[in-house]
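Here's the structure we're looking at; comments come further down.
Reckoned from all heavy atoms, side chains included, excluding hydrogens, waters and symmetry mates.
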Amino acid sequence: MSRIVPMSYRAWFQCINEQCRASYPLNSIVYRCKTCGSLLEVHHDLQALAQSDARAWMKLFENRYKSTEWPYGSGVWGKKEWVLPQIDNDNIVSLYEGGTNLFWAERFGKMLGLDDLWIKLCGNSHSGSFKDLGMTVLVSQVKQMISEGVPIKAVVCASTGDTSAALAVYCAAAGIQSVVLLPKGKISIAQLIQPISNGALVLSLDTDFDGCMSIVKEITKDETMYLANSMNSLRIEGQKTVGIEVVQQFDWETPDVIIIPGGNLGNISALGSGLLMMRDLGLISELPRIVVAQAERANPLYRSYLKNFETFEPMQAQKTLASAIQIGNPVSFEKAVRTLKQFNGIVEQATEQELADAAAIGDKTGMFNCPHTGVALAVLIKLLTAGKIDKSERVVVISTAHGLKFTDFKVRYHEGALDFPCHFANKPIELPPSVDAVKAALQQALRRGGNPMSKKSSKTRSWKPATLAIHGLGRTPKAHYAVSTPIVQTSNYYFDSTADVLDFMKAKSEGRVVREHEYGRYGNPTQQECERKLAAIEGAERALLFSTGMSAVIMTLMAYMRRNCHIIFTNDCYRQTRDFATNMLSEFGIEVSLVDPTAEAIAKAIRPDTNIIFTESPTNPYLRVLDIPAVVKVAKKHRVMTMIDATLATPFNIKPLDLGVDIVIHSATKYLGGHNDLLAGVTLGKHDLLNDLNRLQRMIGATPGPFTCFLLERGLKTFVLRMEHHNRAGLTIARMLESHPKIEKIWYPGLESHPDHRIAIQQMSGFGSVITFLLKGGDKETRKFIDALELFLITPSLGGTESLVTQMAPMSFFDYPEDYRRSIGMVDNLVRIALGLEDVDDLIADLKQALGKI
């Protein structure tokens with residue numbers, strides 16, 4: 001059978017509570033179950049629909065798709081039998097919604113290593129919003145009810161923008177009064193003017209969406225005022241067609257993953273409803289995974305997801321660029337959770353900077369994204385990085401609104417006027433009306449790859465860390481066409497003539513480069529190649545190598561501190577950094593504050609003369625993880641420079657520069673070198689910012705030798721492979737230790753028990769292999785445990801191929817007075833282990849046998 005069997009199809013409201021299941025006709029004015037108070041959903045007579053086979057439904061939907069036959073050319077009403085089968089065609093209010101472009105995001109996908117990425121541009125619609133799909137159904141049903149004598153005077157909604165626009169335009173087309181309640185000052189100008197232009201009664205309330213929603217619920221108790229928010233499941237019926245349409249556009253093949261922004265969460269159950277209906281009627285056999293993307297500042301579903309949906313706590317949503325999903329108490333939470341469980345769902349969040357940058361990158365590849373789509377794209381990037389989405393999968397991102405509704409967001413981003421660095425801002429270049437000036441600007445832009453305002457080359461974004469660690473941003477010529485970087489073992493570089501010397505010095509004074517090197521203290525070709533790759537891995541414009549990690553720390557501070565200034569350090573830090581801060585900086589007339597590693601503590605310590613905030617993340621030894629964007633916000637407010645020692649995180653697990661930090665420092669002795677066979681440090685940041693440090697380094701030296709740079713550059717080639725092992729081993733062994741009865745307390749950011757776990761999972765892609773813990777017992781038991789270890793070497797370092805163990809008090813703080821040592825937590829039973837590259841099972845066995853000895 002491959003034709004539609006004429007049937008009397010019907011649909012009705014039904015309670016979602018399995019113990020209730022009360023039902024109501026669709027022309028009832030009812031939004032929650034009158035028996036138990038649960039939400040309702042529209043149910044269809046699937047038995048009747050199943051009388052026609054899947055092939056017949058596919059053929060019918062394809063014949064109607066974008067046709068001129070009223071009303072079936074609409075992407076919603078072309079599926080009328082599955083949506084609102086009992087409505088009269090004369091009462092349908094349609095503006096040719098649906099049928100939107102499924103955009104192959106080829107260039108954006110390639111940047112991520114994802115060949116099969118598609119963006120469903122639902123904003124390419126009459127009101128510029130996904131909400132049109134649901135509003136055509138709701139307003140059509142209202143028109144039908146009015147025609148049947150139901151005394152509805154107006155349709156009412158609370159909105160953060162898009163719902164109000166869609167309601168107003170469909171009510172205007174139907175000749176029905178619309179009323180919208182909007183949170184004052186929390187939506188874009190375009191979103192505000194749309195309902196005003198379409199004749200809605202617009203009430204701007206000094207509250208947020210949840211406040212507007214509570215008032216709408218009271219207003220619509222008067223049955224002449226009909227509720228249009230997503231708790232009215234008629235909305236869901238129209239919006240469910242987006243999933244059906246996506247599958248239809250793929251010739252009835254199901255994508256692997258669908259990512260959709262989530263605010264009030266009605267769109268989640270809508271998407272799932274359409275896909276489940278297709279499966280139940282045989283049009284598809286497999287379901288995709290559904291990913292819900294939330295803004296970090298309005299993320300109640302994400303918070304519940306972290307607790308396996310066992311609890312739900314409404315929150316006060318904070319102001320976010322993604323204003324349409326700025327909702328802290330979503331009405332459709334229960335439906336969304338049910339859908340996510342049916343679709344093996346994931347919930348992830350995006351920060352303001354992540355969503356803005358993701359939207360900007362998308363725009364550069366041919367889209368024009370709203371900030372909510374930016375949230376979804378940012379979540380895609382995070383899940384790909386975490387390996388939760390495979391690069392071989394077909395992924396669809398639902399873009400819920402058009403970027404033209406958010407031009408103020410776009411303008412502020414490209415003007416750099418947001419509260420964070422806008423990495424892909426593209427400001428116009430102001431020039432005099434001169435051909436030479438234009439030519440010069442063109443040449444400069446083309447040298448940088450065609451985009452004069454891009455902060456990173458396309459290769460930096462498209463090549464992954466493993467590739468960057470081997471090739472940097474591209475191939476550079478090497479002597480004799482060597483594959484490996486040669487060791488240039490020289491202290492001097494000669495000139496052929498005095499004329500060459502003069503040319504070189506003149507060019508240098510003008511900022512031009514005619515040759516790279518003149519003297520070994522100023523730089524070396526082997527060193528330069530290593531710096532180039534380190535900068536590429538970090539995503540920095542420039543890297544400067546030093547002979548040790550501490551020389552990088554001290555010289556960087558010396559280059560930027562000022563006499564009589566004040567520097568803030570976080571108190572859980574590397575011992576030598578602490579000593580330099582507390583014992584030596586006063587000799588330079590510098591005042592120092594040691595504070596807890598939190599943005600709040602740093603903010604309280606800020607003084608008018610503060611000029612540097614120096615911290616670590618994670619810290620040493622307690623592995624505290626800073627809320628870096630919050631610290632950067634404090635610093636920018638007070639015009640203070642930020643420096644972070646990110647040795648324990650490495651560029652593989654965190655990118656502080658992307659979070660707005662000014663300067664990043666690593667002890668390259670550790671994970672970057674990775675083999676316990678070299679000493680080096682590196683400072684990274686913007687090219688011009690590091691000029692002062694470079695001048696100081698040329699004067700003082702402290703540069704690594706060519707052989708050290710060769711070893712470091714060689715170590716970088718396995719950096720990613722090593723870090724993947726370190727991250728896996730660290731989390732596995734931390735979980736084992738946490739559950740062991742001989743362990744009193746443990747610090748590891750990947751564990752939920754860690755005080756900064758929430759921040760860590762937001763900012764870090766992995767947690768490394770340093771674990772700090774307290775043994776049950778004292779000095780005697782601790783020494784017995786350490787001496788019993790067979791694979792762990794006793795030494796105060798980390799990040800290499802061999803596993804290391806440190807009893808913190810005697811090894812790193814022995815010369816401190818005992819009272820002071822204890823006051824900073826350096827007690828006798830505090831142990832830090834740094835895992836190497838041995839087999840994880842062997843390390844676990846070694847730790848267990850040693851613990852068994854105490």
Side-chain angles (χ1 to χ4, degrees), residues 1-16 18 21-28 39-67 69-89 91-92 94 97-99 133-134 136-138 140-141 144 232-254 258 266 269-288 290 335 338-339 342-343:
M1 178 170 54
S2 59
R3 63 184 182 85
I4 299 298
V5 178
M7 295 287 293
S8 177
Y9 304 115
R10 66 189 187 91
W12 59 92
F13 290 129
Q14 187 164 303
C15 176
I16 67 169
E18 293 290 342
R21 310 304 281 170
S23 61
Y24 309 89
L26 291 184
N27 58 2
S28 305
L39 293 172
L40 304 174
E41 60 190 353
V42 175
H43 266 244
H44 289 263
D45 186 349
L46 291 181
Q47 188 173 0
L49 292 169
Q51 296 302 307
S52 300
D53 68 8
R55 190 181 300 243
W57 286 118
M58 291 178 188
K59 185 175 180 181
L60 177 67
F61 294 163
E62 287 170 355
N63 289 340
R64 288 174 172 177
Y65 190 67
K66 292 190 174 182
S67 72
E69 181 184 1
W70 175 263
Y72 303 115
S74 156
V76 174
W77 297 109
K79 301 166 180 64
K80 179 186 174 186
E81 295 83 358
W82 288 27
V83 177
L84 222 59
Q86 295 133 295
I87 196 167
D88 294 335
N89 283 356
N91 287 324
I92 289 175
S94 174
E97 53 285 319
L133 300 175
T136 181
V137 173
L138 184 139
S140 296
Q141 179 62 31
Q144 172 118 343
N232 185 329
S233 49
L234 287 171
R235 283 265 308 280
I236 304 305
E237 281 308 284
Q239 291 173 194
K240 82 179 183 186
T241 60
V242 69
I244 302 171
E245 188 169 288
V246 165
V247 175
Q248 182 177 348
Q249 288 173 310
F250 283 134
D251 295 326
W252 306 103
E253 290 185 5
T254 310
I258 300 178
S269 57
L271 176 62
S273 175
L275 293 165
L276 287 170
M277 200 166 181
M278 295 182 79
R279 185 198 63 181
D280 293 344
L281 293 173
L283 279 73
I284 60 175
S285 58
E286 296 181 351
L287 296 175
I290 291 179
K335 288 185 178 180
R338 183 185 62 179
T339 299
Q342 291 171 309
F343 285 79

Nearest heavy atoms of Leu281 and Leu46, plus distance in Å: CD2-O, 3.9 Å
Exercise: do Gln239 and Arg235 side chains pair donor with acceptor under 3.5 Å: yes
Least distance between heavy atoms, Gln141 atom then Leu26 atom: NE2-O, 3.4 Å
Asn89 vs Lys80 side-chain heavy atoms within contact, under 4.5 Å: yes
Lys240 side-chain N/O to Ser269 backbone N/O, donor-acceptor pair under 3.5 Å: no
Any donor-acceptor N or O pair under 3.5 Å, side chains Trp57, Ser52: no
Heavy-atom side-chain proximity of Ile290 to Thr339 below 4.5 angstrom: yes
Test item: Gln14 side-chain N/O and Ala22 main-chain N/O as donor-acceptor pair under 3.5 Å: no
Interatomic spacing from CD1 in Ile87 to OG in Ser140 - rounded to 0.5 Å: 4.5 Å
Distance-only polar pair, side chains of Trp12 and Glu41, donor-acceptor under 3.5 Å: no
Ser74 side chain to Glu97 side chain, donor-acceptor N/O pair below 3.5 angstrom: yes
Backbone N/O of Leu133 and side chain of Thr136: donor-acceptor pair under 3.5 Å: no
N/O donor-acceptor pair under 3.5 Å between Glu237 side chain and Val137 backbone: no
Heavy-atom side-chain proximity of Asn63 to Tyr72 below 4.5 angstrom: no
Any Leu40 side-chain heavy atom under 4.5 Å of Cys15 side chain: yes
Side chains of Leu283 and Met277 in contact at under 4.5 Å (non-hydrogen atoms): no
From CE (Met58) to CG (Asp251), nearest 0.5 Å: 10.0 Å
Side chain Ser273, main chain Ala270, donor-acceptor under 3.5 Å: no
Close side-chain approach of Leu275 to Arg279, heavy-atom, < 4.5 Å: no
Pi-cation contact, Phe61 with Lys79 (under 6.0 Å, within 45°): yes
Which atom of His44 lies closest to which atom of Pro85, heavy atoms considered: CE1-CD, 4.0 Å
Asp88 side chain to Asn91 backbone, donor-acceptor under 3.5 Å: no
Minimum heavy-atom distance Gln342-Leu287, with the two atoms named: O-CD1, 4.2 Å
Salt bridge (Lys or Arg N to Asp or Glu O under 4.0 Å) assessment of Arg64 paired with Glu81: CA-CA 12 Å; Arg64 288 174 172 177; Glu81 295 83 358; 2.8 Å; yes
Euclidean distance, Asp280 CG relative to Leu49 CG, rounded to 0.5 Å: 10.5 Å
Flag side-chain contact, heavy atom, 4.5 Å: Phe13 against Ser233: yes
Nearest non-hydrogen partners of Trp77 and Pro71, listed with the distance: CB-O, 3.3 Å
Worked verdict on His43 versus Arg21 for side-chain contact (heavy atoms from CB on, under 4.5 Å): CA-CA 11 Å; His43 266 244; Arg21 310 304 281 170; 3.4 Å; yes
Approximate separation, where rounding is to 0.5 Å, of Phe250 CZ and Glu245 CD: 11.5 Å
Closest non-hydrogen atom pair between Trp82 and Ile244, with its separation: CE3-CD1, 3.8 Å
Side chains of Val42 and Ile236 in contact at under 4.5 Å (non-hydrogen atoms): no
Donor-acceptor contact present, side-chain Ser28 to main-chain Tyr24, <3.5 Å: no
Donor + acceptor pair across side chains of Gln51, Tyr9 (<3.5 Å): no
